[in-house]
Amino acid sequence: MKIVNEMRLTFLSKSSNESFARMTASAFVAQCDPTIDKLADIKTAVSEAVTNCIVHAYRGTTGKITMVIKLMADYRVVISIRDRGCGIPDVHQAMEPCYTSAPSEERSGMGFTVMETFMDKVTVRSKEGKGTSVTMVKRLIPTAAGGAK
């Protein structure tokens, strides 16, 4: 499918950058004129993915997070959040509701569940010692003439 527009943003894994990533994603996707609910879904999913990088991938250190957003001609948005952190030993287990790799912290273990709830498709690829890539897809039905064409 044809890419209509694309952006790439790399930032440090600092908690202050979570809201920056969330708002940047929202501003970029807004050009497609999504419904408020779909935009809120995207913002929430981006928040969860970036927070996972900050909390789990770079535990106790700072690294880089890359967010790529592609607006597709068929009114889908494809968002990839990638880190070069510690990686996930067992992706299937990590995606189980209430599982957390930090049980001593006050974490709900619902990050991937939230992403899957708010997005149409979530794919996680990870390699220990190399990092993790989360790709999320959301279908946007245009709400006005024009949209992402």
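Sequential numbering from 1 along the given sequence is applied to the chain's residues.
The nearest pair of heavy atoms linking M72 to V4 is C-CG2, 3.8 Å. For the residue pair S15 and I54, the shortest heavy atom distance occurs at CA-CD1, 3.9 Å. What you find for S16 and S19 is that their closest heavy atoms are O-OG, 3.5 Å. The minimum heavy-atom distance linking H56 with C86 is given by the pair O-SG, 3.4 Å. Scanning both residues, V46 and A25, for their nearest heavy atoms gives CG2-CB, 4.0 Å. Shown here for M67 and F11, the closest heavy-atom pair between the two residues is CB-CE2, 4.3 Å.
Y58 places no side-chain N or O within donor-acceptor distance of the main-chain N or O of K14, the cut-off being under 3.5 Å. Looking only at distances, a side-chain donor or acceptor of S126 sits under 3.5 Å from a matching main-chain atom of G131.
A single hydrophobic cluster is seen to contain both V137 and I3, as judged by linkage of ILVMFWY side chains at heavy-atom distances under 4.5 Å, directly or through other members. Taken together through direct or relayed side-chain contacts under 4.5 Å among Ile, Leu, Val, Met, Phe, Trp and Tyr, F20 and V134 form part of one hydrophobic cluster. The cluster map of Ile, Leu, Val, Met, Phe, Trp and Tyr, joined by side-chain heavy atoms under 4.5 Å apart, puts V68 and L12 in different clusters. A continuous path of hydrophobic side-chain contacts links V78 to M1 [ILVMFWY only; heavy atoms under 4.5 Å].
Residues F112 and E48 form no side-chain contact, since every pair of their non-hydrogen atoms from C-beta on lies 4.5 Å or further apart. Side-chain atoms of D83 and S13, non-hydrogen and from C-beta on, never get closer than 4.5 Å to each other. Under the 4.5 Å side-chain criterion, counting only non-hydrogen atoms from C-beta, M115 is in contact with N52. Between M136 and E116 there is no side-chain heavy-atom pair separated by less than 4.5 Å. Residues V77 and I42 form a side-chain contact, since some pair of their non-hydrogen atoms from C-beta on lies under 4.5 Å apart. Looking at V50 and N17, their side chains never come closer than 4.5 Å, going by heavy atoms from C-beta outward.
With values rounded to the nearest 0.5 angstrom, L140 atom CG is found 10.0 Å from R76 atom CZ. Annotation: the span from D41 atom CG to T117 atom OG1 amounts to 9.5 Å, rounded to 0.5 Å. For the atom pair SG of C32 and CG of L71, the computed distance is 4.0 Å after rounding to the nearest 0.5 Å. The distance from the NZ atom of K38 to the CG atom of D33 is 12.5 Å, given to the nearest 0.5 Å.
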Decide yes or no on side-chain contact (heavy atoms from CB on, under 4.5 Å) for M23 and K43, but give the supporting numbers first. CA-CA 7 Å; M23 296 313 292; K43 288 166 59 175; 4.2 Å; yes
Report the C-alpha separation of T66 and T10 in whole Å, then their side-chain angles, then the decisive distance to 0.1 Å, and conclude whether the side-chain hydrogen bond (donor to acceptor under 3.5 Å, both in side chains) test is met. CA-CA 4 Å; T66 300; T10 301; 3.2 Å; yes
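For K70, the NZ atom counts as loosely surrounded, since its 6.0 Å shell holds 12 or fewer non-hydrogen atoms of other residues, nucleotides or ligands. Taking a 6.0 Å sphere around CE of M7, one finds it holds more than 12 heavy atoms contributed by other residues, nucleotides or ligands.
Side-chain atoms of T135 and S80 form a donor-acceptor pair, as typed in the model, at a separation below 3.5 Å.
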